[in-house]
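To find a chain, count down the sequence lines: A is the first, B the second, and so on, and within it residues start at 1.
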Amino acid sequence: MAAMRAAVAAPRGLRRLFSTTPASSFIPPPPSTAAPVREKAEPSTNLFVSGLSKRTTTERLREAFSQFGEVVNARVVTDRVSGYSKGFGFVRYATIEEAGKGIEGMDGKFLDGWVIFAEYARPRPPPGQPGQPMSPPYGQQ
DNA sequence: GGTGAGCGT
């Protein structure tokens, strides 16, 4: 009789060996389209250029892409403190048409000894909308 | 000092 009580009170430590998650012995399969896959952004006048040489500057980037259209804005992303290029940049054409030609003409090409990759840049969050002043309590006096 | 995938001062 006392053995029954012992069989109920003792096996607590043993239950952990038998009670492994029953319904999830494996990793839950990702529902797809949830992986860190970087899809290409939709066409726009803004281009993302990667694979740049560390010595490639904004001017050279503009020169290279100006062959295929009017470059309205070009910028090589550089570190603010060190001032060195991060190896990628952005190029903005006047029209989407030129942007497409810029990609077709510069993607996979060489620039300063490095193969660069040109693609449409992702949409960026808007800078600052009217209603967000930099100074908080500056209205009442 | 300048690496080597990436999405901006």
Side-chain angles (χ1 to χ4, degrees), chain A residues 2-141:
Chain A
M4 291 180 70
R5 282 182 286 174
V8 177
R12 256 198 249 170
L14 296 176
R15 280 188 191 174
R16 303 169 80 173
L17 299 176
F18 294 93
S19 68
T20 54
T21 39
S24 63
S25 46
F26 268 27
I27 312 174
S32 74
T33 68
V37 55
R38 287 173 293 281
E39 289 187 11
K40 299 201 300 187
E42 58 183 55
S44 66
T45 57
N46 211 22
L47 263 56
F48 171 71
V49 186
S50 58
L52 295 176
S53 171
K54 302 282 185 176
R55 297 177 295 271
T56 301
T57 176
T58 296
E59 295 179 359
R60 219 175 309 196
L61 188 68
R62 180 190 291 265
E63 285 181 30
F65 278 81
S66 292
Q67 310 172 78
F68 307 95
E70 181 184 356
V71 176
V72 175
N73 186 285
R75 180 186 314 220
V76 170
V77 178
T78 56
D79 191 76
R80 196 151 48 142
V81 289
S82 64
Y84 272 87
S85 171
K86 289 185 178 177
F88 65 92
F90 296 90
V91 174
R92 181 172 292 242
Y93 280 98
T95 63
I96 299 182
E97 200 175 51
E98 292 172 322
K101 293 193 296 182
I103 291 180
E104 295 296 326
M106 287 304 298
D107 183 48
K109 297 305 187 307
F110 279 87
L111 186 59
D112 289 339
W114 285 80
V115 180
I116 68 174
F117 299 95
E119 55 189 328
Y120 294 111
R122 298 197 194 132
R124 206 172 52 162
Q129 295 211 335
Q132 284 242 345
M134 290 193 233
S135 22
Y138 262 101
Q140 293 185 340
Q141 199 170 10

_A:Arg62 (side chain) donor-acceptor with A:Val71 (main chain) under 3.5 angstrom_ = yes
*Does anyone know the first and last nucleotide of DNA chain B in reach of chain A, 5' to 3', at under 4.0 angstrom to a heavy atom?*
B:dG2 to B:dT9
*asked:* Under 4.0 Å, counting only non-hydrogen atoms across every strand here, what does A:Ile116 touch: a base, just sugar-phosphate, or nothing?
replied: nothing
*Do the charged groups of A:Arg60 and A:Asp112 touch, with an N to O distance under 4.0 Å?*
yes
_Under 4.0 Å, heavy atoms only, any strand: does A:Ser82 hit a base, just the sugar-phosphate, or nothing?_
base
*Please say whether more than 12 non-hydrogen atoms of neighbouring residues, nucleotides or ligands are located less than 6.0 Å from CD in A:Glu97.*
no
_Comparing A:Gly83 and A:Ala74 on DNA chain B - which has the more 5′ nearest nucleotide_ = A:Gly83
*Considering residues at least two apart in sequence or located in another chain, which fulfil the ring pair (Phe, Tyr, Trp, His ring centres under 6.0 Å) criterion with A:Phe48?*
A:Phe88, A:Phe90
*Across the strands shown, which category fits A:Ser53 at heavy-atom distances under 4.0 angstrom: base, sugar-phosphate, nothing?*
base
*asked:* With nearest nucleotide decided by heavy atoms, which residue, A:Thr78 or A:Lys86, maps closer to the 5′ end of DNA chain B?
replied: A:Lys86
*asked:* Is it true that, when you exclude A:Gln67 itself, more than 12 heavy atoms of the residues, nucleotides or ligands shown sit nearer than 6.0 Å to its CD?
replied: yes
*Checking all strands, does A:Arg80 fall into the base, sugar-phosphate, or nothing category for heavy-atom contacts under 4.0 angstrom?*
sugar-phosphate
*Ignoring hydrogens and angles, tell me if any N or O in the side chain of A:Tyr120 forms a donor-acceptor pair with the backbone of A:Ile103 under 3.5 Å.*
no
